[in-house]
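Below is one structure; the comments refer to it alone.
Hydrogens, waters and symmetry mates play no part in the numbers below; they use all other heavy atoms, side chains included. Numbering of ligands and ligand atoms starts at 1, following listing order.
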Amino acid sequence: MTGSESQRRAYLAAMGVDLWLPRGEDAAETKDVAPVEIGEGWEPLRDAVAACTRCELAKSRTQTVFGVGNPGADWLLIGEAPGAEEDRRGEPFVGRAGKLLDEMLKAAGQAREQVFIANILKCRPPGNRDPKSDEAAACREYLERQIELIQPRIILAVGRIAAQNLLGSDAPVGRLRGRVHDLDGIPLVVTYHPAYLLRSPSQKQKAWDDLCLALSVLR
Ligand code: URA
């Protein structure tokens, strides 16, 4: 299958569009991205994510990383994808970057248990490479279902990959942060990824400004 064909199929799968395929080699190859009907509510969604084979990452993951937190949270934080530690533990943001994220949340008066934390991808890209666009597209429906169920009052897009995917933009974080975006009626604020802040601590002030902007939306 060509790259563009597999991308098209992944997009269709993400939209829940069923593909008719001839039997034979092609059918076997596409079995992995065939869309699966997801029932209503959290449990069917969790089950669908746990069993997902919509993209290649299913082959290399230890487990899916669904997301954690309060299902009725005001804050929804969306990062990039699980890293090695998250893939092992099945929970997002548990490494060093996760610790810093927890600190940032605490500074904003939010405990980790109060918010909901998810990622653009539910599976770890090998070697922590950037998510591919077909992987993000294949995973999008899961995130959209989570947003529908949580109905957060604010979404914090954590880092470039999250911001660009959610906003359909290729602008850098520096240009996307500092204002309130709208994601289907939900206010969305962009901030730096804590892994970046660990490398560039001088940017922490700006991340704090972003949290203050998010807090001002909620007031
Ligand atoms: N970085 C992310 O963007 N998400 C995680 O879950 C962990 C690290």
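For K106, the salt bridge (charged side-chain N to carboxylate O under 4.0 Å, His left out) criterion is met by E103, not counting sequence neighbours. Listed by chain and residue number, W42 satisfy the ring-ring contact (aromatic ring centres under 6.0 Å, His included) test with F116 (two or more places apart in sequence, or in another chain).
Put simply, the side chain of Q164 never gets that close to the backbone of I161: no donor and acceptor are under 3.5 Å apart. Proximity of a side-chain donor or acceptor of N119 to a complementary backbone N or O of E80 within less than 3.5 Å is detected.
With ligand atoms numbered from 1 in the order given, ligand 1 contributes 3 (O) to contacts under 4.0 Å with heavy atoms of G79. Each of the following atoms of ligand 1 lies closer than 4.0 Å to a heavy atom of P92: 6 (O).
Atom 4 (N) of ligand 1 has its closest protein heavy atom at N119 OD1, 2.8 Å. With respect to atom 5 (C) of ligand 1, the closest heavy atom belonging to the protein is A81 O, 3.3 Å. For atom 1 (N) of ligand 1, the closest non-hydrogen atom on the protein side is H193 NE2, 3.2 Å.
A donor and an acceptor atom, one from each side chain of Q63 and K122, are nowhere located under 3.5 Å apart.
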### Message
Show, in sequence, the C-alpha distance, side-chain angles and deciding distance for K206 and T191, and conclude whether the side chain to side chain contact (heavy atoms under 4.5 Å, CB included) test is met.
### Response
CA-CA 8 Å; K206 287 188 192 158; T191 194; over 6 Å; no
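When non-hydrogen atoms are compared, ligand 1 lies under 4.0 Å from the side chain of E86 (C-beta onward) but not from its backbone.
For ligand 1, the polar-atom distance check finds an N/O of F93 within less than 3.5 Å of one of the ligand's N/O atoms.
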